[in-house]
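Below: one structure, written as structure tokens.
Residue indices begin at 1 and follow the sequence shown.
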Amino acid sequence: MSVIETVANMSFREKSAWGMGLILSAGAVSYFGKVMSLSEALGRTAPPIIGFVIAYVVFIMIASVIVMSVLAGMAGKEADAPADEREKIIADKAGNWSGYVLAVPALGGLWHYSVNLDGNMLFHLVFLSLMLSQISEYAFQIFLYRRGG
């Protein structure tokens with residue numbers, strides 16, 4: 001089956017999970033690329049820079065509106081339809097599993113802070129945990145859609 005046929009056979013919610021997962025991944029890579037290069041230049045963990053955070057949020061908002069508008073335009077009535085039972089179960093499972101992803105870097109950040117007293121790293125690891133949690137929620141949704149629920 002070709003990629004075009006595979007995409008054509010996806011539900012609107014699976015396509016939106018792909019779109020949002022890719023957007024959030026691109027935003028996270030860009031954000032942490034900037035933080036890492038700044039940290040290397042400083043020779044220590046870069047402090048939180050509100051400009052980076054705002055740029056990340058603005059990118060996510062604009063890209064999400066564009067991608068979701070395109071997907072909704074292509075999906076027609078399916079975009080407005082309420083989630084069916086299978087989709088509700090998939091969303092619930094993915095949300096539950098992503099909660100575990102949220103905990104790991106956050107707890108790692110707390111441990112790192114207790115040992116090194118590096119509040120900058122704590123901020124970045126907690127922010128990372130929020131990003132990874134949302135990205136993983138979409139990845140789990142895609143996995144469950146591909147698996148069949």
Side-chain angles (χ1 to χ4, degrees), residues 1-37 39 45-46 48-115 118-149:
M1 186 180 284
S2 73
V3 172
I4 294 172
E5 291 171 336
T6 301
V7 171
N9 291 330
M10 288 182 194
S11 70
F12 171 74
R13 285 183 176 73
E14 184 178 358
K15 290 176 190 173
S16 65
W18 275 103
M20 290 304 298
L22 292 172
I23 290 167
L24 291 170
S25 296
V29 167
S30 173
Y31 175 84
F32 280 102
K34 291 176 184 177
V35 169
M36 289 174 58
S37 66
S39 294
T45 306
I49 297 176
I50 194 68
F52 288 178
V53 175
I54 291 171
Y56 169 80
V57 171
V58 169
F59 168 76
I60 298 302
M61 288 173 38
I62 291 171
S64 298
V65 168
I66 292 169
V67 168
M68 296 307 290
S69 297
V70 169
L71 290 175
M74 292 176 7
K77 293 181 182 180
E78 185 183 5
D80 291 330
D84 62 23
E85 287 303 313
R86 178 178 160 259
E87 292 170 333
K88 288 178 185 177
I89 291 169
I90 286 172
D92 289 345
K93 282 183 183 179
N96 182 47
W97 294 349
S98 71
Y100 296 113
V101 174
L102 175 69
V104 173
L107 291 174
L110 292 172
W111 176 83
H112 180 79
Y113 180 78
S114 71
V115 172
D118 185 354
N120 294 334
M121 181 65 79
L122 175 61
F123 174 88
H124 294 305
L125 287 173
V126 170
F127 198 45
L128 175 66
S129 72
L130 293 169
M131 290 178 186
L132 290 178
S133 175
Q134 195 60 55
I135 292 166
S136 69
E137 183 170 354
Y138 291 122
F140 290 138
Q141 285 179 13
I142 292 164
F143 169 75
L144 291 168
Y145 277 115
R146 296 281 93 205
R147 191 182 80 170

With ring pair (Phe, Tyr, Trp, His ring centres under 6.0 Å) as the rule and sequence neighbours excluded, what pairs involving residues 9-29 come up? none

For the CD1 atom of Ile142 and the OG atom of Ser136, what is their distance to the nearest 0.5 Å? 11.0 Å

Residues in side-chain hydrogen bond (donor to acceptor under 3.5 Å, both in side chains) with Ser39, at least two apart? none

Between Arg13 and Glu78 (salt bridge meaning N to carboxylate O under 4.0 Å), is one present in this structure? no

Quick one: does Ser133's side chain have a donor or acceptor within less than 3.5 Å of a partner on Ser98's backbone? yes

Answer yes or no: is there a side-chain heavy-atom contact under 4.5 Å between Val101 and Ser129? no

Here the pair of heavy atoms bringing Asp118 nearest to Thr45 is OD2-OG1, 2.9 Å

Quick one: does Arg146's side chain get under 4.5 Å of Met10's, heavy atoms only? yes

Applying side-chain contact (heavy atoms from CB on, under 4.5 Å), can you list everything that pairs with Ser69, at least two apart in sequence or on another chain? Val65

Less than 4.5 Å apart, side chain to side chain, heavy atoms only: is that true for Phe140 and Ile90? no

List the residues meeting ring-ring contact (aromatic ring centres under 6.0 Å, His included) with Phe32, not counting sequence neighbours, and say none if there are none. none

Which pairs count as ring pair (Phe, Tyr, Trp, His ring centres under 6.0 Å) when at least one residue sits in residues 59-96, sequence neighbours excluded? none

Could you grab the distance from atom CZ of Arg86 to atom CG of Leu144, nearest 0.5 Å is fine? 9.0 Å

Considering residues at least two apart in sequence or located in another chain, which fulfil the side-chain contact (heavy atoms from CB on, under 4.5 Å) criterion with Leu110? Leu107, Leu122

Heavy-atom side-chain proximity of Glu87 to Gln141 below 4.5 angstrom: no

Where Ala91 and Glu137 come nearest, the two heavy atoms and their spacing: O-OE2, 4.3 Å

Ignoring hydrogens and geometry, is there a side-chain-to-backbone donor-acceptor pair from Ser114 to Trp111 under 3.5 Å? yes

At their closest point, which heavy atom of Tyr145 faces which heavy atom of Ser11, and how far apart are they? CE2-OG, 3.9 Å

Is the closest side-chain heavy-atom distance between Val35 and Phe127 below 4.5 Å? no

If we only count heavy atoms from C-beta on, is the Leu24 to Tyr56 side-chain gap below 4.5 Å? yes

Would you check if His124 and Leu128 make a side-chain contact, meaning some heavy-atom pair closer than 4.5 Å? no

Atom of Ile135, atom of Ser25 and distance for their closest heavy-atom approach: CG2-OG, 3.6 Å

Distance in Å, Phe52 CZ paired with Lys34 NZ, rounded so as to fall on 0.5 Å steps: 6.0 Å

Tell me, do Leu102 and Leu132 make a side-chain contact under 4.5 Å, heavy atoms counted? no

